[in-house]
Amino acid sequence: MNAAYTLPDERGHFGTYGGRYVPETLMQAILELEEEYKKAQADESFQKELQGLLKDYVGRETPLYFAENLTKYAGGAKIYLKREDLNHTGAHKINNSLGQALLAQRMGKRKIVAETGAGQHGVATATACALLNLECIIFMGEEDIRRQQLNVFRMELLGAKVVGVKSGSATLKDAVNEALRYWVTNVEDTHYILGSVMGPHPFPMIVRDFQSVIGNETKEQYLEKEGKLPDAVVACIGGGSNSMGMFYPFIKDETVRMIGVEAAGLGTDTEKHAASLTKGTPGVLHGALMYLLQDEHGQIQEAHSISAGLDYPGVGPEHSYMKDSGRAEYESITDEKALEALQLLCKLEGIIPALESSHAVAYALKLAPQMNKDEGLVICLSGRGDKDVETVRARLGGKGQ
Amino acid sequence: MNRIEKVFQNLKQNNEKAFVPYIMAGDGGLETLAEKITFLEKAGATAIEIGIPFSDPVADGPVIQQAGIRALEAGTTLKGVLAAIAEIRPIVHIPLIFMTYMNPIMAYGIGNFISDASGSGVDGLILPDLPAEEEEIIAPVAEKAGIEIIRLVTLTSPLGRIQEIAGKGKGFLYAVTVNGITGARKGFKEELGKHLERVKEVSPIPVLAGFGISEPQHVKEMNQYCDGVIVGSRIIELFQSGELVKIEELIASSKIEEIKL
C-alpha cells in the first residue's frame with residue numbers, strides 16, 4: 001500500500017474483494033455506466049458543472065473546524081471536525097447523489113432508483129433529482145420509515161416516490177434488494193444511484209471518487225491550518241462512503257492513520273450489532289465480495305444499530321481490502337457510547353451530530369487522549385442530527401439534560 | 001457424457017421439447033424433496049432445477065422469495081440438501097440442477113461444495129448472481145468435476161456477448177425472457193420471439209426459455225422459438241395449493257407436437 005495504489009483493477013476487484021456479482025440483465029447497464037464514467041472524468045465541462053453545483057448549490061467547501069472545547073475535554077491530540085453536516089441536505093450523501101444524477105443525465109436516463117437507510121441518501125437523491133428534473137423512486141425499509149418519518153416526508157416534498165420494504169429485517173439491506181429488483185426490471189430507462197461504496201463495480205469506485213472531495217478538502221485545509229498532515233482521520237462506517245471519501249486521498253500518506261468506526265449496537269459480543277469488519281467473514285451480497293455478517297450456511301444476518309445509516313450487514317469491498325492489508329484500522333462503538341458522544345458534542349460545541357457520525361466522535365474521544373498534544377486528528381462529521389432528534393428523545397426519556 | 005448433454009441428445013433425436021420445473025428445496029420440509037423429484041420425473045420433466053434457499057435472492061420475485069423463507073424457517077441448509085440428493089439419486093434418472101446464489105456456496109467453500117455436489121450426483125449449477133465476468137471463481141473447478149455451469153443470457157445482452165456466452169456454455173443456455181425477476185406474468189414483449197430466434201441462431205447448445213412462464217399457452221409460444229422451457233414460480237404455487245394435476249398438465253403441454261400438414 002503506497003504510491004502504487006491503483007485499485008480497483010480493470011475488473012473491479014480490490015484484491016479478492018469487489019467484482020460484479022449481478023444478474024446478467026444488469027451487466028450491460030454497469031458496463032455502460034463504467035464507460036460513461038470514464039468519459040465524464042475526462043470531460044472538463046462535466047467536471048466544471050459538478051464543481052459549480054458543489055460550490056453554489058451544496059455549499060462546499062465545508063469547514064474544517066478546530067473543536068477546542070472537545071479537545072480540552074478529551075485531553076490529548078487536537079480534534080478537528082470536517083463539517084459535512086453543513087452540506088445542503090445535511091450530510092455527505094449529496095456529493096455522490098449529485099455526481100451520479102449528472103451521470104444519469106449524460107446517459108440519457110431520466111428515471112432514478114435508490115435505496116436509503118436513515119433517509120439521508122434518499123433525501124440527497126430526491127434533491128438531486130428535483131434539481132435536474134429526474135423522476136425518482138426510493139426504496140426504504142418499513143422499520144427505517146418508522147424511525148425516520150420526517151425524512152420520508154422530506155423526500156415526498158422533494159417529489160420522490162417512497163416505497164416501503166417489508167421483507168427481511170425491513171432495513172437498509174432489504175431496501176437494496178428491492179432497489180436491485182426494481183433496477184433489473186426497469187434497467188432500460190433507469191439509473192440506480194447507489195448510496196455507498198458497495199454494490200457491483202463500478203459503484204464502489206464511482207462513489208469513492210465523488211466522496212473524495214471530503215478528504216481532498218481536509219488535506220488542504222489541515223495543511224493550511226497546521227502546516228502538516230493530520231496524524232489520524234476517523235470516520236463512521238455503515239457501507240463506508242463518508243469514510244472512504246475521507247480516507248482515499250490519504251491512502252498514500254502512510255503517516256496518516258485511518259480509522260473506520262463500525263456500529264457495535266448492543267455490543268459485538270451480542271448478536272445485535274452491525275460490525276461487519278470486526279465480526280464478519282467474506283462473502284457475496286448486493287453484487288460484491290466483501291465482509292458480511294452471515295451464519296455458517298452463508299445466510300445474511302440482520303444488523304443492528306441505533307443509527308439507521310449504519311444498520312447494514314456488509315461493508316464496501318475497498319474497506320474489506322484495507323482491513324486485510326492493514327492500511328486502515330477498524331474499531332466499533334456501541335449504541336450507548338454513540339449516544340453519549342452525541343450529547344457531549346451538543347453541550348461542548350453546540351453541534352448536534354447524526355447518530356452515525358456520533359460513532360466516529362465517540363471513538364475519537366477514546367483515541368485523542370492516547371495521542372500527544374502536538375498531534376492532531378480529524379473526525380468526519382458526516383451528517384447533522386436533526387433527523388435523529390426524535391430517536392434520541394425517546395432513548396433519553398424526553399430529557400435533554 | 002454428462003446427464004444433461006445426454007438427455008438433450010435424446011430429445012433432439014426424438015424431436016421433443018424440454019420442460020424443466022423448478023422447486024425450492026426444503027419448502028414444505030426437506031423430507032418432501034424426494035417425493036417432489038420422483039413426482040416430476042414421472043410427470044415427464046426433462047430435468048429438475050432445485051433451488052437452494054438464500055436470505056437475499058435479488059433475482060427472485062415474491063413467490064420464490066416466500067418459498068425460500070419457508071425453506072429457511074424449516075431449517076434447510078445446503079449440506080442437508082446435498083445429503084437428500086445423494087439419497088435419492090440412485091432412483092432418479094433425469095438431471096438435477098442446483099440453482100442458488102454465490103454466498104451459500106462460498107460459505108460452504110467452493111472446492112468442498114463442488115466435490116460434495118459431484119459426489120451427490122448434482123449435474124449442473126445455475127447461479128443468477130454470477131455473470132461471465134466472475135465465473136472463473138467456480139466454473140473451471142465445477143466443469144472439471146463434471147458439473148455444468150448453466151449460463152444465462154437476457155434481453156439486455158448484446159448479440160456478440162450472447163454468442164460468447166453460448167460458445168462457452170455447457171448443457172443448455174438459459175434465455176431469460178423478461179427484464180426482471182422470477183415470477184408469473186401475463187404476457188411477453190412482442191420482440192421476444194425475434195430475440196429467442198437470434199439466441200437460437202448463435203447458440204451451439206440447446207436454448208431454454210425461463211422467467212415468467214406459467215401457462216400451457218406460454219409453453220407452446222416459447223417452444224416455437226427454442227428447445228424448451230423452465231417454469232419456477234408457477235410450479236411452486238401448484239405444489240403449495242396441492243394442484244398436482246395442473247403440474248402434470250403443464251408438463252404435458254410441452255409434449256404435444258402440433259400436427260403439421
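Numbers restart at 1 for each chain; the letters A, B, ... are given by sequence-line order, proteins then strands. Predicted model, so just to flag it, every value in this text is computed and none were measured.
- The residue among A/P282, A/P23, A/G287, A/S167 with the most heavy atom pairs within less than 4.5 Å of chain B is A/P23.
- Both the backbone and the side chain of B/I181 come within less than 4.5 Å of a heavy atom of chain A.
- For a residue to count as touching a neighbouring chain, one of its non-hydrogen atoms must lie under 4.5 Å from one of that chain's; by this rule A/Q299 touches chain B with backbone and side chain alike.
- For the set A/Q301, A/H286, A/K173, the count of heavy-atom pairs under 4.5 angstrom toward chain B peaks at A/K173.
- In this model, a donor atom of one side chain and an acceptor atom of the other lie less than 3.5 Å apart for B/S157 and A/E24.
- Looking at B/I105, neither its backbone nor its side chain comes within 4.5 Å of chain A, counting heavy atoms on both sides.
- Counting heavy-atom pairs under 4.5 Å between each of B/P128, B/A59, B/A132 and chain A puts B/P128 at the top.
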With a cut-off of 3.5 Å and sequence neighbours excluded, list every side-chain donor-acceptor pair involving residues 62-69 of chain B.
unit_1 : atom_1 : unit_2 : atom_2 : d
B/Q65  : NE2    : B/D60  : O      : 2.9

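- Listed options A/T185, A/D174, A/L292 were ranked by heavy-atom pairs under 4.5 angstrom with chain B; first place goes to A/T185.
- Options A/I300, A/T16, A/L180 differ in how many heavy-atom pairs under 4.5 Å they form with chain B, and the most are formed by A/I300.
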(request) List the steps and the verdict of salt bridge (Lys or Arg N to Asp or Glu O under 4.0 Å) for A/E262 and A/K323. (result) CA-CA 12 Å; A/E262 298 190 294; A/K323 176 193 158 78; over 6 Å; no
Which atom pairs, one a donor and one an acceptor, fall under 3.5 Å between side chains of residues 27-35 of chain A and the rest of the protein, sequence neighbours left out?
unit_1 : atom_1 : unit_2 : atom_2 : d
A/E34  : OE1    : A/R20  : NH1    : 3.3
A/E34  : OE2    : A/H201 : NE2    : 3.2

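- For B/F54 and B/Y101, the ring centers are positioned less than 6.0 Å apart.
- Counting heavy-atom pairs closer than 4.5 Å to chain A, the top-ranked of the candidates B/T77, B/D56, B/L152 is B/D56.
- In this structure, B/I97 CD1 and B/I230 CD1 are separated by 7.5 Å, a value rounded to the nearest 0.5 Å.
- Of the atoms belonging to B/L127, not a single heavy atom falls under 4.5 Å from chain A.
- Taking the six-membered ring for Trp, A/Y182 and A/Y192 have ring centres at least 6.0 Å apart.
- The contact between B/R161 and chain A is made entirely by side chain atoms (from C-beta outward), counting heavy-atom distances below 4.5 Å.
- Separation of the A/Y291 and A/H319 ring centroids does not fall under the 6.0 Å cut-off.
- Ranking B/P53, B/G180, B/G61 against chain A, the residue ahead of the rest is B/G180, based on heavy-atom pairs under 4.5 Å.
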